[in-house]
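Computed over heavy atoms, backbone and side chain alike; hydrogens, waters and symmetry mates excluded. When a residue number appears, it is its place in the shown sequence, counting from 1.
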Amino acid sequence: MKCASLLQLVRCPRAMLLALGLAATTSAIGGESSPPAPQRTAFAFHVKMPKGASIGAQHLYQEILGALLFLGTQQAPGMKSCEWEAGPMREFGVFSVRVRHPDPGRRVSCLRAAVHLILLQTFSESDFLSARRRAVELVARSYEPNPRIFPFDGYGLVQAALRTVYQNGSPLHQIYSARSNEVREISFDEFELWLRRSREDRLIDFAGERGLLEALGLPVPDPMVLRIVPSLESPRLPAGLHSFEEGERFGVPAIILLKSYSGGFDQEISRRLSCNLTGSVQLGEGSVGNAISSILCDTYPALNNEHWAVFFVDKKAKDASDRDFCLQVQALIRDPDIATAVHFSPEGTKGLYILLPPWCVTL
């Protein structure tokens with residue numbers, strides 16, 4: 001059975017663990033005969049939206065919950081014997097909790113402590129303030145370049161580019177446009193009410209191996225019951241040229257965005273384009289003009305199971321003509337490798353965006 005996303009993984013629990021980079025642990029929990037259990041065990045949980053809530057507000061609360069989960073797994077006494085990885089995944093409202101320990105029984109005990117943290121533990125205002133501070137810092141990464149990321153802050157750039165292409169008010173635009181001050185304005189009472197409501201209304205459910213869920217005292221989801229999840233389908237601006245104000249602040253004035261498949265480009269094209277930030281893109285002769293300093297390519301998985309290929313285009317020294325740079329960036333899509341990638345992408349030219357600095361629009 002094919003699993004489209006983690007929100008449907010109650011139907012495919014083994015696939016969920018493979019998505020988390022783990023193997024099944026049923027042998028250690030249910031006593032079945034199978035190969036030795038791995039060193040890690042994991043589950044995922046999903047926080048559903050309360051009735052009447054907006055995607056944007058739910059996203060802000062989830063940012064704090066993710067930070068609270070991360071900090072709680074580092075500090076709770078029942079968890080300290082295990083190594084932890086906890087945080088949000090790419091599906092909206094889905095979080096993963098993974099533990100590492102050589103003793104499978106200890107891993108289950110640690111995960112049981114995590115379930116208590118998620119469903120029952122009372123958090124103090126001090127816990128909340130620490131988590132909110134961490135969430136504020138994480139959200140700020142989408143707007144403030146990180147000087148420690150060399151040669152540029154690709155994460156912040158891509159978030160800025162996605163804010164540009166999705167229409168205002170759409171679900172993904174709400175998520176990508178979250179501001180750190182919005183997180184900072186959430187009070188302890190507001191968050192505590194949201195979390196209590198999520199718990200009392202049973203808006204939190206779990207996915208994982210049947211044996212693990214049973215060992216943790218959690219209900220095993222019925223694969224025949226459909227799960228209603230909020231749609232993140234979001235209209236975008238028409239493809240083509242758009243003004244991109246934030247590029248120069250992040251150190252890269254122009255970006256070419258291309259909607260791609262999860263596997264990226266054809267392997268040979270991906271190798272020639274160096275589409276993993278291993279080196280500058282080497283395009284065909286005559287494809288790169290003298291006003292362009294360098295081009296880097298990478299692929300990014302995004303929310304709603306979307307994938308984007310991103311070309312980061314830098315300008316040469318100040319003496320290079322602004323007009324030449326603007327025209328040469330637009331001409332890049334005529335390079336044979338890039339044109340082939342566009343042709344075989346899921347949306348073709350409808351998924352192609354050329355984001356240029358505002359002064360290009362002026363010219």
Evaluate the side chain to side chain contact (heavy atoms under 4.5 Å, CB included) criterion for residues Ile55 and Met49: first the C-alpha distance (whole Å), next the side-chain angles of each, then the deciding distance (0.1 Å), finally the verdict. CA-CA 8 Å; Ile55 290 282; Met49 289 180 56; 3.7 Å; yes
Evaluation steps, side chain to side chain contact (heavy atoms under 4.5 Å, CB included), between Glu91 and Asn305: CA-CA 7 Å; Glu91 285 75 17; Asn305 291 316; 3.2 Å; yes
Show your reasoning for whether side chain to side chain contact (heavy atoms under 4.5 Å, CB included) applies to Lys316 and Ile292. CA-CA 5 Å; Lys316 273 192 175 177; Ile292 293 176; 5.9 Å; no
Dump the intermediate steps for side chain to side chain contact (heavy atoms under 4.5 Å, CB included) on Asp298 and Val310, then the final yes or no. CA-CA 5 Å; Asp298 204 359; Val310 188; 5.6 Å; no
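By the 4.5 Å heavy-atom criterion applied to side chains, Gln167 and Leu237 are counted as neighbours. In this structure, Thr41 and Pro104 have side chains that are not in contact, with every pair of non-hydrogen atoms separated by 4.5 Å or more. Within the 4.5 Å cutoff, the side chain of Leu117 has heavy atoms near those of the Phe123 side chain. Looking at Ser294 and Phe312, their side chains never come closer than 4.5 Å, going by heavy atoms from C-beta outward. Residues Lys48 and Asp205 meet the side-chain proximity criterion, which asks for heavy atoms closer than 4.5 Å. Side-chain atoms of Ser109 and His101, non-hydrogen and from C-beta on, never get closer than 4.5 Å to each other. Looking only at side-chain heavy atoms (C-beta outward), Gln39 and Pro102 come within less than 4.5 Å of each other. A 4.5 Å side-chain heavy-atom check between Tyr143 and Gln159 finds every atom pair outside the cut-off.
Side-chain heavy atoms closer than 4.5 Å link hydrophobic residues (I, L, V, M, F, W, Y) into clusters, and following such links, possibly through other members, connects Leu129 to Leu65. Criterion: ILVMFWY side-chain heavy atoms under 4.5 Å apart, direct or through other members. Under it, Phe244 and Tyr300 are part of a common hydrophobic cluster. By the rule that hydrophobic residues join a cluster once side-chain heavy atoms approach within less than 4.5 Å of another member, Leu303 and Tyr166 end up as members of one cluster. When the side chains of ILVMFWY residues are joined at heavy-atom separations under 4.5 Å, either directly or via intervening members, Val97 and Leu71 end up in two distinct hydrophobic clusters. With hydrophobic clusters built from ILVMFWY side chains whose heavy atoms lie under 4.5 angstrom apart, Val220 shares a cluster with Leu119.
Atom-to-atom distance recorded for Cys82:SG and Arg107:CZ is 8.5 Å, nearest 0.5 angstrom. Considering CD1 of Ile64 and CZ of Arg184, their distance stands at 11.0 Å, rounded to 0.5 Å. Here the OH atom belonging to Tyr155 is positioned 7.5 Å from the CG atom belonging to Leu138, to the nearest 0.5 angstrom. Note that the CZ atom of Phe311 and the CD1 atom of Ile354 stand 11.0 Å from one another [nearest 0.5 Å]. Here the straight-line distance linking atom NE2 of His307 with atom CZ of Arg90 works out to 5.5 Å at 0.5 Å rounding. Rounding to the nearest 0.5 Å gives a distance of 10.0 Å between CG of Leu157 and CG of Leu257.
More than 12 heavy-atom neighbours from other residues, nucleotides or ligands sit within 6.0 angstrom of CZ on Arg199. Atom CD of Glu245 sits in a sparse spot, with 12 or fewer heavy atoms from other residues, nucleotides or ligands closer than 6.0 Å. For CZ of Arg334, the number of neighbouring non-hydrogen atoms (other residues, nucleotides, ligands) closer than 6.0 Å is 12 at most.
Between the Arg132 side chain and the Ile186 main chain, a donor and an acceptor come within less than 3.5 Å of each other. In this structure, the side chain of Arg163 does not engage the main chain of Ser177 through any donor-acceptor pair within 3.5 Å. Within the 3.5 Å criterion, the main-chain N or O of Phe70 finds no donor-acceptor partner in the side chain of Arg134. Side chain of Ser345 to backbone of Val342: a donor-acceptor contact under 3.5 angstrom is found. Without hydrogens or angle criteria, Asn304 side chain to Glu306 main chain gives no donor-acceptor distance under 3.5 Å.
Taking the six-membered ring for Trp and the full ring otherwise, the centers of Phe95 and Phe45 sit less than 6.0 Å from each other.
Closest heavy-atom contact between Val139 and Glu63: CG2-OE1, 3.8 Å. Pairing each heavy atom of Lys259 with each of Arg236, the nearest pair is NZ-NH1, 3.7 Å. Shown here for His59 and Ala178, the closest heavy-atom pair between the two residues is CD2-CB, 3.7 Å. When every heavy atom of Ser234 is checked against every heavy atom of Leu232, the shortest pair comes out as OG-O, 2.8 Å. Leu332 and Ile338 make their closest contact through O-CD1, 3.6 Å (heavy atoms, listed as atom of the first residue, atom of the second, distance). The shortest heavy-atom contact between Ser96 and Met89 is CB-SD, 3.5 Å.
Salt-bridge annotation for Arg196 and Glu192: present, with a side-chain N of the basic residue lying under 4.0 Å from a carboxylate O of the acidic one. Classification of Arg271 and Glu268 as a salt-bridged pair holds, one side-chain N sitting under 4.0 Å from a carboxylate O. Here Arg249 pairs with Glu246 in a salt bridge; the nearest charged N to carboxylate O distance falls below 4.0 Å.
Looking at Asp337 and Thr340, their side chains never bring a donor and an acceptor atom within 3.5 Å of each other.
Using cut-offs of 30° and 60° on the angle between ring planes, the pair Phe325 and Trp359 is tilted.
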